[in-house]
Amino acid sequence: MNASIPSPARRPILELPDELISQIAAGEVVERPASVVRELVDNALDAGATQITVRLQAGGVRLISVEDNGWGIHRTELPTALKRHATSKIASLGDLESVHTMGFRGEALAAICSIAEVSVLTRVDTGDEPHGWLLDGRSGELQPTARNPGTTVEVRELFFATPARRKFLKTDATELAHCIEAVRRHALARPEVGFAIWHDGKLVAQWRAVAADLAGGGTLDALRQRLADVLGEDFIEQAVAVNWPADAVPGEVALADGVQRLRVWGFAGVPDAARSRSDWQYAYVNGRFVRDKVIGHAARSAYEDVLHGHRQPVYALYVSLDPTRVDVNVHPTKIEVRFRDSREVHQAVRHAVEAALAAPRSAAASAQAVLPQGEAGANPSLSAGVWTPPDRLPSTLGAAQNPLPFQRYAPPDAIGQRVSDLGALWGNGSERATTASPRTEGWAISPDAPLTNAASVQAESAEAPAQALPEGDWPLGRAIAQLQGVYILAENAQGLVVVDMHAAHERIVYERLKQQMDNEQLASQPLLIPATFAATPTEVATAEDSGVVLAMLGLEVVPFSPRTLAVRAVPTTLAQGDPVELARSVLAELSQHDASTVVQRARNELLATMACHGAVRANRRLTLDEMNALLRQMEVTERSDQCNHGRPTWRQVSMKELDALFLRGR
């Protein structure tokens, strides 16, 4: 027998006491000790501190002390500082709409005082007073005490007034980890500030201040050093710098027509550094750590065709824009924001990360590689004997003069791909982008080359006359053999390079197809019988508003009735798929994200499928010239370090690693 729930008795409407109001606010602001640490560090940064020390006991439950060397609080303002909605950050609605500070709501200290014992020790840095002042938050007693300029806020016995809340806390080790993470997030945004964390009398983390020289572009260098200190050298070694627009000085505010320009900078991890979890994704808006769906989706979109499976990218991205164009007053903990133009932010973040990831890492690693004398003639990437990576693919530089018919890249026949001259990927048949010298003349995969199974190392490669490797050779080196018809073995200045020839050629073809399809509409195929389905009001509205975008995708989705949609045409390449499922997925994307993102994603998926079928197959025998042609194309192709499915296309095995395998030098 189910027990009936008693109906509540009617109660009169009463004004809540101030203490209960503060405790309710504390439930929104203070979730655990890390919440207190975050709020107090916010205040320290707003006070101009350059050194912040956090001391904890029992994971922050027994004691949280945040000490800074900022400008302090005047004696007359101290009693007011702990009152509800008392703050120096804002004074009008105009201030609230253009917040420049980390904290501004004026409720954190009062909320903390309602659930813990708080004391504030402070001294102003103006020299007006010879000593500091200590304020007891519970009694309000104020007494003089010795202290250098700055402020120390102590919070003891957290949740003593709300023991039920205390039961929900985790172990001391877990709470300590959350506190460290809270400080870590601040440290990543403020390399010019030093941070130290002590727990039970032991130093557990410390990050020294990094000097930034703005005149020399030192802001990005300072950030690089701080990221290495906080996240480890491995993070920065496997990351590329992000700076958008390209002429922007990271961290520096610039105005255009009186409005602050939108800027994105930071570091994005290469695809190989991706993790199984999203715990190393740090996003900041005007110096404030946020969890924002717009930025997160934009960053993930930039990694779409270079990540394998469901791996999560790692990054530390910083967005700066006019404070009036972002609302930071969305959540009590200030962890969420709302943009006035979310599409602009989404496109900026995506383009910034995409541009950073586009450059082949092989080129970046050997940007100053010196070539043999007399071999820098025909290749535009080779000048005065020095290899310099191009800004974009050669096809971008010469596409207008040498258009390539799209039909050349039809899917191959059943026996395998008869790959056309690789030079034709970047120009007409009379122009070879890979030609650099008489020694490299003709480096291309010939359509007449035999298709055979290379069961072991290619005989022709093994019989090739040995040549001394020139100092500072090409980034991916010179081909020396083909292994099992699958891998290309090449020699460069660092040692051995192993290339997955199918994956590498797949990326080359894919990038070329993307450039050909820019600003073009995908071909569609009408359905003999339109496919109808029951649609939600959102789907119907999206279909009506997005007809042009749907047409660009090769889709025709029209209302059949007030609650039914009909799919009349689908992309030709997906004609054999489920039209209803395709339409629903596209409409869902269009309703949530920028239309151009949806178009690009759908287009890229189709082209990736075509490129996979159009790339050179495994067990296809290649000559040395063909293998070298593939290596040269990889060096100038965007995102050539990963295939279309996110798998790596090449790996470097250094001489040091080879020596270790054979115990040389031991």
Side-chain angles (χ1 to χ4, degrees), residues 34-55 65-72 89 99-104 108 125 149-153 178-198 203-214 216-232 235-236 239 241-243 248-253 260 263-267 280-292 295 315-321 323 326 328 333-335 337:
S35 305
V36 177
V37 172
R38 181 189 65 244
E39 295 288 348
L40 297 183
V41 174
D42 279 350
N43 289 340
L45 292 173
D46 286 340
T50 59
Q51 179 63 45
I52 299 175
T53 301
V54 179
R55 303 181 190 276
S65 173
V66 176
E67 175 185 345
D68 67 65
N69 63 346
W71 51 62
K89 316 298 175 59
V99 174
H100 294 80
T101 57
M102 300 293 292
F104 60 90
D125 63 351
T151 302
T152 301
V153 180
H178 284 287
C179 291
I180 295 176
E181 180 63 20
V183 181
R184 183 202 303 263
R185 292 171 180 173
H186 284 93
L188 290 176
R190 304 295 290 269
E192 75 280 7
V193 179
F195 295 85
I197 307 175
W198 295 75
L203 182 66
V204 294
Q206 183 176 22
W207 304 296
R208 300 184 184 280
V210 181
D213 180 11
L214 291 177
T219 300
L220 203 58
D221 293 335
L223 180 60
R224 178 184 287 108
Q225 182 61 52
R226 174 53 61 87
L227 289 172
D229 293 341
V230 177
L231 300 179
F235 173 86
I236 209 66
V242 176
N243 192 27
V249 178
E252 195 172 274
V253 176
Q260 182 177 335
R263 289 189 171 176
V264 183
W265 76 96
F267 287 86
W280 275 25
Q281 296 179 355
Y282 296 91
Y284 295 83
V285 175
N286 290 345
R288 184 191 309 279
F289 175 82
V290 297
R291 291 195 186 97
D292 183 71
I295 296 177
Y315 53 77
L317 298 176
Y318 304 80
V319 178
S320 66
L321 73 167
V326 56
V328 297
T333 62
K334 302 179 290 291
I335 198 73
V337 295

Looking at [atom1] of [X] and [atom2] of [Y], how far apart are the two atoms once the value is rounded to the nearest 0.5 Å?
X      : Y      : atom1 : atom2 : result
Glu181 : His186 : CD    : NE2   : 11.5 Å
Gln281 : Ile295 : CD    : CD1   : 11.5 Å
Arg224 : Asp229 : CZ    : CG    : 12.5 Å
Trp198 : Thr53  : CH2   : OG1   : 8.5 Å
Ile197 : Ile180 : CD1   : CD1   : 5.0 Å

For a quick check under 3.5 Å, do Asp221 and Gln225 share a side-chain donor-acceptor pair by atom type?
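No, because no side-chain N or O of Asp221 sits under 3.5 Å from a partner of the opposite role on Gln225.
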[X] versus [Y], closest heavy-atom pair with distance:
X      : Y      : answer
Leu220 : Ala241 : CD2-CB, 4.0 Å
Pro191 : Ala222 : CB-O, 3.8 Å
Gly287 : Ala189 : O-CB, 3.9 Å
Val319 : Val264 : CG2-CG2, 4.3 Å
Asn286 : Pro323 : ND2-CA, 4.1 Å
Cys179 : Val37  : SG-CG2, 4.0 Å

Checklist line | Geometric class of the Trp265/Tyr318 ring pair [parallel <30°, tilted 30-60°, perpendicular >60°] | finding: parallel
### Query
Hey, is the main chain of Pro149 close enough, under 3.5 Å, to the side chain of Asp125 for a donor-acceptor pair?
no
TODO: State whether the side chain of Arg226 and the backbone N or O of Arg190 hold a donor-acceptor pair below 3.5 Å, judged by distance alone.
DONE: yes
Do [X] and [Y] have side chains that approach each other closer than 4.5 Å (heavy atoms only, starting at C-beta)?
X      : Y      : result
Ile52  : Leu45  : yes
Arg185 : Tyr284 : yes
Tyr315 : Val242 : no
Val285 : Val328 : no
Trp207 : Val183 : yes

Which residue in the set Val153, Asp68, Thr151 passes side chain to side chain contact (heavy atoms under 4.5 Å, CB included) when paired with Leu40?
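So, applying the side chain to side chain contact (heavy atoms under 4.5 Å, CB included) to Leu40 and each of Val153, Asp68, Thr151, only Val153 qualifies.
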- Item | Intermediate values then yes/no, side chain to side chain contact (heavy atoms under 4.5 Å, CB included), Ile236 and Leu231 | CA-CA 8 Å; Ile236 209 66; Leu231 300 179; over 6 Å; no
